[in-house]
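The structure appears below as structure tokens.
If you read the sequence from its start, that first residue is 1, and numbering goes on from there. Just the heavy atoms: all of them, side chains too, but no hydrogens, waters or symmetry mates, feed the values below.
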Amino acid sequence: IETALAAMAFVKLLKNSAYFKRFQVQKRRRREGKTDYYARRKMVRQDKNKFNNRKYRFVVRFTNKRCITQCVYATLRGDVVVAAAASNELTHFGIPCGHKNYAAAYATGLLLARRVLKKFGLDEKFKGKE
């Protein structure tokens with residue numbers, strides 16, 4: 001037993017009380033693995049000559065049953081959703097099922113685009129296919 005203890009090297013304690021006093025907890029969405037803040041900062045960053053303009057982006061999320069799309073812009077207080085559309089609303093337009101496939105995602109994007117144009121008053125200027 002004495003030879004085994006003599007052969008063991010000295011192990012330095014790395015995570016002591018000083019380590020935990022200075023430890024900074026990550027942001028909640030980073031801890032949950034929902035937000036990559038490096039990628040978000042690059043995506044939201046605005047050119048200096050376009051100060052105070054809005055940089056709109058389309059966000060698409062797939063759930064187990066449907067596709068959700070949003071038109072969003074970033075502010076210091078948080079992201080603001082301009083308009084949203086979900087593929088389960090396509091039943092009102094004659095598509096009763098298949099709300100999670102590629103075609104439903106395309107149709108939901110078109111629905112959202114028409115809503116955004118209507119909100120900005122450009123729906124008369126940009127006519128859809130009739």
May I ask you to say whether Asp36 pairs ionically with Arg29, meaning some side-chain N is under 4.0 Å from a carboxylate O?
no
Cys67 to Val60 - nearest heavy-atom pair and separation
SG-CG1, 3.8 Å
Any sub-3.5 Å donor-acceptor pair from Arg66's side-chain atoms to Ser87's backbone N or O?
no
Report yes if the side chains of Thr69 and Val59 come closer than 4.5 Å at any heavy-atom pair, otherwise no.
no
Step by step, work out the side chain to side chain contact (heavy atoms under 4.5 Å, CB included) result for Gln70 and Arg61.
CA-CA 9 Å; Gln70 295 174 320; Arg61 292 190 181 91; 3.2 Å; yes
Those residues at least two apart in sequence (or on a different chain) that pass ring pair (Phe, Tyr, Trp, His ring centres under 6.0 Å) with Phe62 are none
Under 4.5 Å between side-chain heavy atoms, chaining through other members, with only Ile, Leu, Val, Met, Phe, Trp and Tyr counted: pull out the rest of the cluster around Tyr73, sorted by chain and number.
Tyr56, Phe58, Val80, Val82, Leu112, Val116, Leu117, Phe120, Leu122, Phe126
Table please: side-chain donor-acceptor pairs of residues 11-21 below 3.5 Å, with sequence neighbours left out.
| from | atom 1 | to | atom 2 | distance (Å) |
| --- | --- | --- | --- | --- |
| Asn16 | OD1 | Ala18 | N | 3.3 |
| Asn16 | OD1 | Tyr19 | N | 3.2 |

Scanning both residues in full, the closest heavy-atom pair of Arg45 with Lys55 reads O-NZ, 2.9 Å
For Tyr106, is the OH atom crowded, meaning more than 12 foreign heavy atoms sit under 6.0 Å from it?
no
Do the side chains of Arg115 and Glu89 get close enough for a salt bridge, i.e. N-O under 4.0 angstrom?
yes
Thr91 and His99: which non-hydrogen atoms are nearest, and at how many Å?
CG2-CE1, 3.3 Å
